[in-house]
S.K.: 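Below you'll find the structure I mean.
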Amino acid sequence: MVRADKSIVKRFNSLKQHLERENPVLLEAIGGYQKLDRIGYNMGLLRTDESYAMQIPWWPLVSILGVFSAGKSSFINSYLGKSLQKTGNQAVDDKFTVVCFGKENNNRVLPGLALDADMRFPFYRISNEIEKVAVGEGRRIDAYLQLKVTDAQVLRGKILIDSPGFDADDQRTSTLRLTDHIMDISDLVLVFFDARHPEPGAMQDTLTHLVANTINRSDSNKFLFVLNQMDTAAREDNTEEIVGAWQRALSQKGLTAGRFYTIYNKEVAPPIENETARTRFEAKRDADMKEIHTRIEQVEAERAYRIVGDMKSKAYNVREKAVPAITRLKKLWRKRVLRFDLLALAIIAGLVVGASIFFGAIGALLTFLLSMIANPVTMLGSIVIIALLAMAVHFFIRSRVAGYMVNKMEDTDDAEYQSAFVKNTRFFRSVFKTSPTGWNGNSRADIDEVLEEASEFVQKLNDLYALPSG
Ligand SMILES: Nc1nc2c(ncn2[C@@H]2O[C@H](COP(=O)(O)OP(=O)(O)OP(=O)(O)O)[C@@H](O)[C@H]2O)c(=O)[nH]1
Ligand SMILES: [Mg+2]
């Protein structure tokens, strides 16, 4: 049985301590992940310095994305009740800022490296991902990311991400890669638009990337679409026109139903002079803002469901994807090895017979074969030598075919099974056994258990978080 490295055990312990304080219900999910890890190690799907539990963020994560100068940073400042982020009418932010709670380190700014190197944060090893899409940029992680620690109480138990606005210009691939990563790992994504420019021209990239790409996601309900700076519609009183233009732009990208909010930031917007307009605007703003805040407060529950969902899908993945894929690869390997074995046999036999004919020594060959059969000692000796030679050829073929297949897997969907395949084709593994190494009655039962526990866990979460209707 393969065990996790010490670093992973330590990491699990600190995660447990963290959850005991923050959300004890989630402690139960840890056992499930540890079961999955054991299967992953035994099957060679996971390195022992990795863990399925460490591939997901354990904290609730809210991110603010959207067009530049829409008021993303101002929204965060108001939410925190602190002027933590710089704001302004030019494109201000050129980095993603992860904002998290810290008691002592009030308003401390740490470089991107702090996030890249720390498993506890949502950008662990992100530089590798950036390097993949933009060579050389992985090393410049500080140019893309920073971490701010502040002691705003509303931040307790969650993390916020502020982002550089989507400009009309082409986004850099690294920024898009980070945006995709954030969309994947967040529990709630607020996509900000600017009521001063509600028409599609000003925000093509945002529309394509943050609207069109979100529609068919299984987690599409975590995206909230916010039209900010609505106060600017007060003077001409053309709210309907502006909201209409905005919703048309969204629906052109396929978003027809969904969570649309129209707000403005009271703290930075100039006061609306006309009193009736002000009352109307404030009422709408307050109602929408309240809903947004409620959603932000709910992320803790969404995070818990997300973690169970992830555990479930990882368990399914092992059973429904990894096992069939490795079996398929092993069958292919076996077929190829046996073919080459036959070919080698035919070639060697052909060479011996051919050489004998060529040198006119066919008679000598036959006499040799007959003498071998006649004498038990020579026969045994010959069998041993031939068997050893055959094995040498066979093992040479096995390892060459496996090596060839591993190389071929690079850049295909099978790449994730490379090390599992290597494990399955080691010299002491039979070429005839096609079920994956490490996949047996126990691992099957463990997967079933994880899936069952996940369902029970969902019920527990429902009891904890779901509000009885009526
Ligand atoms: N009138 C009005 N102004 C706002 C509102 N929200 C933000 N602003 C102003 O709009 C400007 C841009 O705000 P930011 O918060 O910096 O916008 P951002 O989306 O973070 O911008 P980038 O980081 O540059 O993409 C600032 O001058 C804010 O004071 C609002 O609701 N109404
Ligand atoms: Mg900003």
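In listed order, ligands and their atoms are each counted from 1.
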S.K.: Closer than 2.8 Å to the Mg ion (ligand 2), do we get an N, O or S atom from Ser73, backbone or side chain?
M.R.: yes
S.K.: Can you name the residues that form a side-chain contact (heavy atoms from CB on, under 4.5 Å) with Val308, not counting sequence neighbours?
M.R.: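 Once residues adjacent in sequence are excluded, the partners of Val308 under the side-chain contact (heavy atoms from CB on, under 4.5 Å) criterion are Ala454, Phe457, Val458, Leu461.
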S.K.: Determine the sole option in Leu227, Val226, Leu255, Asp288 for which the side chain to side chain contact (heavy atoms under 4.5 Å, CB included) test with Phe260 is passed.
M.R.: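 Option passing the side chain to side chain contact (heavy atoms under 4.5 Å, CB included) with Phe260: Leu255.
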S.K.: Under the side-chain hydrogen bond (donor to acceptor under 3.5 Å, both in side chains) rule, collect the residues that match up with Lys460, sequence neighbours excluded.
M.R.: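 For Lys460, the residues satisfying side-chain hydrogen bond (donor to acceptor under 3.5 Å, both in side chains) (neighbours in sequence not counted) are Glu28.
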S.K.: Taking only distance into account, with no hydrogens and no angle test, what donor-acceptor pairs under 3.5 Å do side-chain atoms of residues 242-251 form with protein atoms, sequence neighbours excluded?
M.R.:
unit_1	atom_1	unit_2	atom_2	d
Ser251	OG	Gln247	O	3.4
Ser251	OG	Arg248	O	3.1

S.K.: Between Lys95 and Ala143, which heavy-atom pair has the shortest distance, and what is it?
M.R.: CG-O, 3.4 Å
S.K.: Using every non-hydrogen atom in the two residues, find where Tyr41 and Arg47 come nearest and quote the distance to one decimal.
M.R.: CE2-O, 3.1 Å
S.K.: Report all protein residues having a heavy-atom distance below 4.0 Å to some atom of ligand 1; order the list by chain, then number.
M.R.: Phe68, Ser69, Ala70, Gly71, Lys72, Ser73, Ser74, Thr87, Gly88, Asn89, Gln90, Ala91, Val92, Asp93, Gly165, Asn228, Gln229, Asp231, Tyr264, Asn265, Val268, Ala269, Pro270
